Visitor: 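Sharing a structure below in structure tokens format, with a few things to ask.
Here the structure is a predicted model, which is why all the values come from computation and not from measurement.
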Amino acid sequence: MFTTPGGSRAGGVRIGQAGCLSAGGRYALPTPCDDFDVCTLVNHMLAGNPYYEGLAQGDDPDFALFAQYHMGDRQPGEVYAEGAKEALAAWQTEGALQRQMPLPGGGLSPRLADLSLLEAVPHGWGLATATGQDRTGAPDAVAAIFQTWYGNHPDEFRGATGVFGPSKAASEGAPALDRIAAYFGRTL
């Protein structure tokens, strides 16, 4: 977990304000998320808050948010904290936790709240892994993802989404979040 004061939690990983991400060229470090360096991953995580805030409020998906630069001249921890506060408020509106959206091939997605948690926590793991930080995650968030997702998203369905790679091996004794990351195709 980042130890920089004033940071914000992202799925149990701290996005630090001063120095931790910007010092020593850490923004250019690779991450376990294909095609994301640290800067791109942080920006993607920052975009996730307004994206899921909109979905929680019943808006259509706004994928353009992920193509925008969200840090500006502010520290990423500050931007994340503000966005997380707004997203959490949106999840508290009536019916938000039960919302799903139609899938292009028919049917409904999993609950959007579950997808939001799946977005934040493994990306927090990726950021922590890339920057050499504690990657165990917030126990309640990790347990919720493990219970909802682990073993329930077979490899044969992953090609349709393009989001997750085939499962990879993780040792029996690996922490739960490492096993989740490997399950969704990340290299430990």
Side-chain angles (χ1 to χ4, degrees), residues 1-2 7-15 33 36 41-68 70 76-128 134-165 167 175-186:
M1 179 170 321
F2 293 121
S8 298
R9 290 183 93 61
V13 174
R14 196 168 288 278
I15 297 177
C33 304
F36 283 3
L41 178 57
V42 168
N43 196 64
H44 181 86
M45 293 170 70
L46 297 177
N49 284 326
Y51 176 78
Y52 282 103
E53 176 188 356
L55 293 178
Q57 295 170 336
D59 296 346
D60 289 333
D62 184 0
F63 296 111
L65 288 166
F66 293 100
Q68 298 169 11
H70 293 274
E78 178 184 316
V79 177
Y80 193 89
E82 183 179 296
K85 182 178 179 180
E86 292 167 3
L88 288 172
W91 286 119
Q92 294 175 24
T93 60
E94 187 173 336
L97 292 177
Q98 286 71 42
R99 279 201 173 79
Q100 297 172 282
M101 65 182 171
L103 295 173
L108 293 174
S109 71
R111 290 180 333 140
L112 294 171
D114 292 333
L115 289 171
S116 177
L117 192 60
L118 185 63
E119 172 84 14
V121 176
H123 280 321
W125 175 90
L127 180 61
D134 176 12
R135 61 186 198 210
T136 56
D140 290 345
V142 172
I145 288 178
F146 200 87
Q147 180 180 358
T148 303
W149 294 98
Y150 192 79
N152 297 320
H153 196 72
D155 283 349
E156 56 268 16
F157 295 115
R158 294 169 191 226
T161 65
V163 177
F164 304 115
S167 295
L177 192 47
D178 282 1
R179 289 188 295 159
I180 291 166
Y183 178 72
F184 284 108
R186 303 299 188 248

Visitor: With heavy-atom distances below 4.5 Å as the criterion, would you say the side chains of N43 and F36 are in contact?
Guide: no
Visitor: Mind listing the closest non-hydrogen atom pair of A96 and A56 along with its distance?
Guide: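 So the minimum-distance heavy-atom pair works out to CB-O, 3.4 Å.
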Visitor: Check step by step if side chain to side chain contact (heavy atoms under 4.5 Å, CB included) holds for W125 and V142.
Guide: CA-CA 10 Å; W125 175 90; V142 172; over 6 Å; no
Visitor: Please answer whether the main-chain N or O of D178 pairs with a side-chain N or O of R135 as donor and acceptor at a distance below 3.5 Å.
Guide: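 Checking the backbone N and O of D178 against the side chain of R135, no donor-acceptor pair under 3.5 Å is found.
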Visitor: Does the side chain of F164 come within less than 4.5 Å of L118's, by heavy atoms?
Guide: yes
Visitor: Can you tell me how far OH of Y52 sits from CZ of R99, rounded to the nearest 0.5 angstrom?
Guide: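 Separation between the atoms: 14.5 Å.
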Visitor: Looking at CG of L177 and OH of Y150, how far apart are the two atoms once the value is rounded to the nearest 0.5 Å?
Guide: 12.0 Å
Visitor: If I compare all heavy atoms of C33 with all of R186, which pair ends up nearest, and what's the gap?
Guide: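 The pair with the smallest heavy-atom distance is SG-NE, 3.7 Å.
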Visitor: Nearest 0.5 Å, please: how far is CD1 in I180 from CD1 in I145?
Guide: 5.5 Å
Visitor: Is the CG atom of D140 crowded by more than 12 outside heavy atoms at less than 6.0 Å?
Guide: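 Not buried by this count: 12 neighbours or fewer within 6.0 Å.
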Visitor: Working note: M101 + L112, criterion side chain to side chain contact (heavy atoms under 4.5 Å, CB included); need CA distance, chi angles, decisive distance, verdict.
Guide: CA-CA 8 Å; M101 65 182 171; L112 294 171; 4.1 Å; yes
Visitor: Can you find a pair of side-chain heavy atoms, one from S116 and one from L55, that are under 4.5 Å apart?
Guide: no
Visitor: Can you name the closest pair of heavy atoms from L41 and G126 and give their distance?
Guide: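 Taking L41 first and G126 second, the nearest heavy atoms are CD2-C, 3.8 Å.
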Visitor: Just checking Q98: does its CD atom have more than 12 heavy atoms from other residues, nucleotides or ligands closer to it than 6.0 angstrom?
Guide: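 Yes - once you tally the heavy atoms of other residues, nucleotides and ligands closer than 6.0 Å, there are more than 12.
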Visitor: Looking only at atom types and distance, does a side-chain atom of Y183 sit under 3.5 Å from a main-chain N or O of F146, one as donor and one as acceptor?
Guide: no
Visitor: Test Y80 against V42 for side chain to side chain contact (heavy atoms under 4.5 Å, CB included), laying out the working first.
Guide: CA-CA 9 Å; Y80 193 89; V42 168; over 6 Å; no
Visitor: Please report the closest heavy-atom contact between L46 and P76, naming both atoms and the distance.
Guide: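 Result for this residue pair: CD2-O, 3.6 Å.
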Visitor: List the atom of A120, the atom of M45, and the distance in Å for their closest heavy-atom pair.
Guide: O-CE, 4.4 Å
Visitor: With side chain to side chain contact (heavy atoms under 4.5 Å, CB included) as the criterion, how do L115 and W149 come out once you've worked through the C-alpha distance, each side chain's angles and the decisive distance to 0.1 Å?
Guide: CA-CA 10 Å; L115 289 171; W149 294 98; 3.5 Å; yes
Visitor: Quick one: pull up CG in D62 and OH in Y51 and give me the separation to the nearest 0.5 Å.
Guide: 8.5 Å
Visitor: Do H70 and L65 make a side-chain contact, defined as non-hydrogen atoms from C-beta onward lying under 4.5 Å apart?
Guide: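 Yes, side chains in contact.
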Visitor: Once rounded to the nearest 0.5 Å, what's the spacing between atom CD of E86 and atom CH2 of W91?
Guide: 14.5 Å
Visitor: Are H44 and E119 packed together at the side-chain level, in the sense that at least one heavy-atom pair is separated by less than 4.5 angstrom?
Guide: yes
